Structure formats: C-alpha cells, structure tokens
Visitor: 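Provided herewith is a single structure, encoded as structure tokens, for subsequent inquiry.
Both backbone and side-chain heavy atoms feed into the values below; hydrogens, waters and symmetry mates do not. So you know, we letter chains A, B, ... as the sequences are listed, proteins then strands, and number each from 1. Only a predicted model underlies this, so the values are computations on that prediction, with no experimental measurement involved.
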Amino acid sequence: MKKNKVLKWFFGVQDTVDEYVKKEIGRISTKTVFILFIFELFYVGLTYFFANSGLITDFESYFYLTLFIQFIGIVVIFLGFLMLNFNRKNSIPFEVTNQKERENIISLLKKKYVRSAPISFLIFLSISTVFDFSKNNLFKQMFTLQKMTGAVIWTILFSLIMYSFEKGEIRIAKEMK
Amino acid sequence: MNRVREYRRAKKLSQMALAEEIGVARQTINLIENGKYNPSLDLCLKLAWVLDTDLNTLFWRDEDEEE
C-alpha cells in the first residue's frame, strides 16, 4: 500500500507496518505535534516581541536568523523527541521478518545516505550560505562555484562516512525459537 | 492473558515464521506473547486460524485485570 510505503520511508521502518507499529506511530506523532505547536507558539510570540521592542535594526538579518533558528528547532524537536522515543521504547521494529526481503533491505540500509546525497548537498549548501554574513544577495551567493564545490566535497565526505557507519550497524540475528 | 506461545511451540513455529504467516512483525508476536500488547480482533482471529484453535482457548481475561 502507498500509505505504508510513506510511513516506512518517513519513519525508517524496515519491517512490516502492522497494526502495532501504526498505533505507536500515531501515539508518538500526536505528542510530537503537540510539542511542535507549543514551540511554534512561543517562538512566534518571542520573534514578534523582539521585532517590536526596538532592539532590532537590521530586519533582513533578523528574518534569516529567526527562520534558521526555527528550522533547527523543528528538526531538533522532530529528531530528538520522535526518533528517540521510537528507539527508547523499541516501538519500531528495526529488523526484517520476511526472509526474501533481507538482502534487498541490507543493501538499502548500507546505501541510505548515498541515496539521500542530493538532500545532504542542499542542506550543506543552505547552511554554509546562511552563515556567510557578507551582505550579498542570498541566492546569488548560494550558487557561486566556491559554495557549490564546498557543498559537493562535504556531501561526498559525509556520504562516505555514513556509508561506513551504516555498514557496521547492520546485524544478522539468529532466529529465536 | 493468552496461550499464543504455548500453541506456537506446539505447532513448532518460530516467532519469525508465525509473524510471516499472519503478516506482522516478529516484535509484535513477542509483545503479544508477553502480554504487553492487546491485538485487534482481526489479528486474534488470524492467530487462532494459523494456530488451529479458537479465540476462547487462545485469549481470556483475568479477573485481576478487570479491577
């Protein structure tokens, strides 16, 4: 089913998305959405308060900075809360029941970060440009040869390191009787 | 409370084989056997069918649990 494929991709479930997994995903996702809502509520409030306090003079930099902090905040809450909860409670099976799918999934796991290299590239490119405070146009600066070469090098290094790491993380368990 | 483990062993099935048979993860079978997860009626029926028994034999409710 398409819905299950999306859940598998988004939450990194390797095995069957059965009723237990769906229930756990629903329970923990609800908590995460609630925490994200609280974060957004306070963050927008604080951003508005500082913008009107007279302390801010450079509104363009303030806009980029608040957007960047918001992005990082959402990622940290999502990964920190959702994924740690899944891992701690062992809610999601990180093992494969179906014998036929094993080889295929082992290969997919190894190449997980290699397949997501374009996303890594975009993240590195955006972060390196956002932290460049040379007052030039953001998009002009983003697509310079220097920035793009730097992002390509970081992506290659990151993908290689993560490939070696993921390769070492795969365990072949013996079947329990 | 349930007798899933007992019936699974009697049928000489591993958790993995039973999970594959009814289309769930092995972890779910383990949780059901240890009483940590209450499966849906549909899953209970599948378990009963694969283990060649009926629902009343496989699952029951302890009086202590009701309190």
Side-chain angles (χ1 to χ4, degrees), chain A residues 1-31 82-109 112 166 169-177, chain B:
Chain A
M1 277 199 294
K2 270 186 183 176
K3 194 180 159 191
N4 287 354
K5 277 186 181 175
V6 173
L7 286 176
K8 273 188 170 189
W9 171 78
F10 196 76
F11 292 100
V13 184
Q14 306 304 335
D15 206 354
T16 323
V17 180
D18 58 18
E19 57 174 56
Y20 172 73
V21 175
K22 281 183 186 168
K23 194 180 156 195
E24 283 298 297
I25 286 175
R27 191 177 62 79
I28 299 170
S29 301
T30 311
K31 279 187 186 174
L82 195 73
M83 291 307 176
L84 283 180
N85 239 317
F86 278 139
N87 289 345
R88 195 183 63 200
K89 293 187 178 172
N90 252 340
S91 303
I92 287 185
F94 290 103
E95 56 181 52
V96 183
T97 305
N98 193 330
Q99 305 253 13
K100 288 172 198 163
E101 280 182 26
R102 272 192 198 166
E103 287 305 313
N104 187 25
I105 284 170
I106 287 171
S107 158
L108 283 175
L109 278 175
K112 194 164 82 180
E166 289 292 326
E169 284 291 293
I170 296 165
R171 305 270 183 275
I172 310 290
K174 283 181 185 172
E175 194 169 350
M176 292 199 318
K177 295 286 171 190
Chain B
M1 298 290 284
N2 65 72
R3 287 199 182 97
V4 174
R5 181 173 283 142
E6 194 185 317
Y7 274 77
R8 177 179 60 79
R9 283 179 178 163
K11 290 269 293 180
K12 290 182 179 160
L13 283 170
S14 65
Q15 285 187 339
M16 201 85 106
L18 179 60
E20 213 172 333
E21 191 85 24
I22 59 171
V24 296
R26 188 201 62 81
Q27 190 185 358
T28 308
I29 299 293
N30 191 43
L31 288 166
I32 294 169
E33 285 184 355
N34 290 311
K36 288 179 181 168
Y37 173 61
N38 291 325
S40 68
L41 182 61
D42 186 48
L43 190 52
C44 291
L45 287 167
K46 277 183 191 169
L47 278 168
W49 184 73
V50 171
L51 297 173
D52 282 331
T53 182
D54 56 76
L55 283 182
N56 283 341
T57 319
L58 211 54
F59 297 96
W60 71 94
R61 190 164 173 83
D62 259 0
E63 281 186 13
D64 296 345
E65 278 183 286
E66 284 172 19
E67 285 168 13

Visitor: Taking heavy atoms only and a threshold strictly under 4.5 Å, list by residue number the residues of residues 42-55 of chain B that touch chain A; give 'none' if the list is empty.
Guide: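 Interface residues of residues 42-55 of chain B: Leu43(B).
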Visitor: Would you compute the distance between atom CD of Glu24(A) and atom OH of Tyr37(B) and round it to the nearest 0.5 angstrom?
Guide: 9.0 Å
Visitor: Does a sphere of radius 6.0 Å around CD in Glu19(A) hold more than 12 heavy atoms from other residues, nucleotides or ligands, not counting ones at 6.0 Å or beyond?
Guide: yes
